[in-house]
Amino acid sequence: MEKEFIALEKQHHQQQKELPDAQKTRFTWRFRAKYLSKNQEVTFLAFRLNGSKKVSIIFSPDKNIFSKTLRRHWFQRTYIEQFFKLLKHVLLIQEARVTNKEDFEIKLLRFAFVAWHAQKLVKYIRRHIKEFEKKGFIALQRILCSEKEILDLLQELVVAKY
């Protein structure tokens with residue numbers, strides 16, 4: 001795997017050298033192989049995340065899936081996992097105890113509503129303020145709690161926008 005991926009990646013980078021930055025593409029390697037533990041042939045996709053030294057490999061049992069579709073499914077799955085991590089570790093959903101089904105449904109809806117809005121806020125801040133482009137929810141939460149100037153800046157941006 002390492003020999004094949006690295007050789008193909010180097011070849012791809014050689015071809016991309018002469019292109020302008022806007023036309024350069026990231027290297028991905030899509031191949032089929034037998035997944036022994038599942039005893040079936042699957043489609044694998046190997047790629048690097050944002051210039052990482054590690055190679056990520058994902059797979060799908062769909063033999064005809066496109067590389068772009070496979071990556072998109074993987075990132076959507078990651079987004080869902082981040083949502084539930086936010087519910088559990090940041091909002092501490094397990095700390096709110098309930099005794100009946102109706103209270104549980106209300107608790108779940110309330111926490112999901114807050115988590116969804118927290119994720120939307122993070123996306124909005126990342127998109128509109130370049131300094132926060134790579135920050136996650138917890139990092140933003142710490143900054144907002146500790147920096148009065150940041151809160152004032154955000155307040156001004158929100159008022160100016162609306």
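Of the inter-residue distances, the one linking I6 atom CD1 with F27 atom CZ reads 10.5 Å to the nearest 0.5 angstrom. In this structure, CG on L8 lies 11.0 Å from NE2 on H13, to the nearest 0.5 angstrom. We find the CD1-NZ distance between I65 and K68 to be 13.5 Å, quoted to the nearest 0.5 Å. Here the CG-CG distance, from L87 to L108, works out to 7.5 Å after rounding to the nearest 0.5 Å. Considering CG of L86 and CZ of F111, their distance stands at 10.5 Å, rounded to 0.5 Å. Considering CD1 of I93 and NZ of K88, their distance stands at 11.0 Å, rounded to 0.5 Å.
Listed by chain and residue number, nothing satisfies the side-chain hydrogen bond (donor to acceptor under 3.5 Å, both in side chains) test with K54 (two or more places apart in sequence, or in another chain). Residues passing the side-chain hydrogen bond (donor to acceptor under 3.5 Å, both in side chains) test with R26 are N50, sequence neighbours excluded. Residues passing the side-chain hydrogen bond (donor to acceptor under 3.5 Å, both in side chains) test with R48 are E9, sequence neighbours excluded. The side-chain contact (heavy atoms from CB on, under 4.5 Å) check on E95 picks up L92, with sequence neighbours excluded. Residues passing the side-chain hydrogen bond (donor to acceptor under 3.5 Å, both in side chains) test with E81, sequence neighbours excluded: R77. Every side-chain contact (heavy atoms from CB on, under 4.5 Å) that A112 has, sequence neighbours left out, goes to F83. For Q23, the side-chain contact (heavy atoms from CB on, under 4.5 Å) partners two or more places apart in sequence, or in a different chain, are L19, P20. By the ring-ring contact (aromatic ring centres under 6.0 Å, His included) test, F75 pairs with no residue at all, sequence neighbours left out. In this view, F47 and W74 satisfy the ring-ring contact (aromatic ring centres under 6.0 Å, His included) rule, not counting sequence neighbours.
The cluster map of Ile, Leu, Val, Met, Phe, Trp and Tyr, joined by side-chain heavy atoms under 4.5 Å apart, puts F44 and V55 in the same cluster. Two different hydrophobic clusters hold F5 and L70 under the rule that ILVMFWY side chains link at heavy-atom gaps under 4.5 Å.
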Please list, one pair per line, the donor and acceptor atoms closer than 3.5 Å that link side chains of residues 34-41 to other protein atoms, with sequence neighbours excluded.
residue	atom	partner	partner atom	Å
K34	NZ	N39	OD1	3.2

Going by atom type alone, with no hydrogens or angles, which donor-acceptor pairs under 3.5 Å involve a side-chain atom of residues 114-123 and a protein atom two or more places apart or on another chain?
residue	atom	partner	partner atom	Å
Q119	OE1	Y79	OH	3.4

Cut-off 3.5 Å, no hydrogens considered: what does the side-chain donor-acceptor table look like for residues 56-63, sequence neighbours left out?
residue	atom	partner	partner atom	Å
S60	OG	D62	N	3.1
D62	OD1	N64	N	3.0

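A pairwise comparison of heavy atoms in R32 and R30 identifies NH2-NH2, 4.2 Å as the closest pair.
Without hydrogens or angle criteria, H12 side chain to T25 main chain gives a donor-acceptor distance under 3.5 Å. Between the side chain of H89 and the backbone N or O of K85 there is no donor-acceptor pair closer than 3.5 Å.
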